[in-house]
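Below is one structure, written out as structure tokens, with a few remarks after it.
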Amino acid sequence: MLTPTEEALAEAPPPTRGGGALRYLLTKAGGGLVSLVLVIVLGFLLFRVLPGDPVLTMTRGRPASKEQIAELEAQLGLDKPLIAQFFDYLWRLLQGDLGESYVFRVPVTQKIMERLGPTLLLVGTATLIAVALGLWLGTRSAWRRDSRFDKVSTSVALALWSTPTFFLGLLLMAATSGWFPTAGMVNSDTPPDFFSQAVDVAHHMVLPTITLVAVVYAQYQLVMRSSLLEEMGADYLTTARAKGLRDAMVRRRHAVPNALLPTVTLVFLHMGFVVAGAITTETVFSWPGLGLLTYDALEKRDLPLLTGTFIVLAGAVIVMNVLADMLYRVLDPRVRAS
């Protein structure tokens, strides 16, 4: 008994060896590289046309003469034409230098690396929970189509998916007032041992993690439900039932694996957007990650830091898109045969 994927592979013409896979890999990698170049150009130009002067922002509240302001502009390279600034930035970027933060006076790369860990911890935890919850609910909803469980879970998923992240975060803060910390990653008076620090971090993660999961899992659930409903009417499932297989086995061994293909691809596609979408959540809960760092850089007009975080976050989206294309080729033999 063949699944639809295996039947399509059997009917497909034999793939060309070596060249097809390499060409596919180079095409996707080249497309990702072009997108990254466009992100670099856009990231540099976008924040330099925004209203506001970085030098005036830095000297706000402090007396500074015109000569001092001009000297500071020269030190930061802001006295040069925009095209000259761009080529200077591009040359440094090719050497792995994202510049120096105006506000923190440290290399942008160093500041990003300091904040990368908290973001990966928050986003990674939320993604794992959202994927597991979305796939489980999507499978149950499809297998129990039009039941009360299906209607309620789908309605809740649609409602949460349409709720703005910041609004949901504020609602959770108000609803759980005093139960969980609403700012930061760890309390200053927490003992320095590993267990105490881990428990405190986990306590601080509850609300931001729930916020991210609530707005992310719904997409996985709805896609999984739709994919499984399409599979349930397939002939190979009818044949499996006719052979006396139980519904649980038919679902687990035949329907779910085929329905997982678009959902697994979506997970990789969406992962980059989750990283970028953490900006709102981290800002609401003052979580010390890349999202809050981006917000602070935007507020203080720290151009090198703002451009660096933009490139990193947008680059994450590009990399995940390329990986999703690669994974799709591995999982779906029909793509390999094309």
Side-chain angles (χ1 to χ4, degrees), residues 21-54 76-78 80-103 107-113 115-116 119-120 123 127 165 216 219 262 265-283 289-330 335:
L22 181 60
R23 184 169 56 252
Y24 183 87
L25 177 64
L26 292 177
T27 300
K28 296 302 179 182
L33 185 60
V34 171
S35 299
L36 185 59
V37 171
L38 293 177
V39 162
I40 292 172
V41 176
L42 179 62
F44 180 86
L45 297 177
L46 176 64
F47 302 116
R48 281 160 178 78
V49 300
L50 293 177
D53 189 332
L76 300 177
L78 297 175
K80 299 179 181 179
L82 187 61
I83 188 66
Q85 294 182 42
F86 173 72
F87 281 111
D88 286 346
Y89 182 80
L90 188 60
W91 175 249
R92 293 196 304 268
L93 188 61
L94 290 174
Q95 302 175 57
D97 182 10
L98 291 174
E100 183 177 289
S101 168
Y102 293 165
V103 175
V108 171
T109 304
Q110 175 184 331
K111 203 64 187 176
I112 289 177
M113 294 305 296
R115 299 294 189 92
L116 184 60
T119 293
L120 292 179
V123 169
T127 300
T165 306
V216 171
Q219 189 172 6
T265 308
L266 176 66
V267 170
F268 276 80
L269 283 172
H270 200 250
M271 197 174 296
F273 292 102
V274 174
V275 173
I279 294 177
T280 306
T281 304
E282 291 185 2
T283 302
L290 287 179
L292 183 59
L293 184 64
T294 303
Y295 176 82
D296 290 339
L298 181 61
E299 186 180 37
K300 298 170 182 176
R301 293 286 293 164
D302 192 337
L303 296 182
L305 185 58
L306 190 57
T307 306
T309 54
F310 175 79
I311 291 174
V312 170
L313 293 176
V317 176
I318 294 172
V319 169
M320 289 303 169
N321 274 267
V322 173
L323 289 178
D325 288 333
M326 303 301 178
L327 182 65
Y328 197 84
R329 181 179 175 85
V330 172
V335 177

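Between Phe44 and Ile311 there is no side-chain heavy-atom pair separated by less than 4.5 Å.
Taking a 6.0 Å sphere around OH of Tyr295, one finds it holds 12 or fewer heavy atoms contributed by other residues, nucleotides or ligands.
No donor-acceptor pair closer than 3.5 Å links the side chain of Ser35 to the backbone N or O of Ile318.
Applying the side chain to side chain contact (heavy atoms under 4.5 Å, CB included) rule to Phe310 yields the partners Val39, Leu42, Phe47; only residues at least two apart in sequence or on another chain are considered.
The two residues Leu290 and Glu282 come nearest to each other via the heavy atoms N-OE1, 3.3 Å.
Interatomic distance, Thr309 OG1 to Leu292 CG, rounded to the nearest 0.5 Å: 11.0 Å. A distance of 8.5 Å separates CG of Leu305 from NZ of Lys111, quoted to the nearest 0.5 Å.
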Cut-off 3.5 Å, no hydrogens considered: what does the side-chain donor-acceptor table look like for residues 89-101, sequence neighbours left out?
from   : atom 1 : to     : atom 2 : distance (Å)
Gln95  : NE2    : Trp91  : O      : 3.3
Asp97  : OD1    : Gly99  : N      : 2.8
Glu100 : OE2    : Arg105 : NH2    : 3.3
Ser101 : OG     : Val103 : N      : 3.3
Ser101 : OG     : Phe104 : N      : 3.1
Ser101 : OG     : Asp302 : OD2    : 2.4

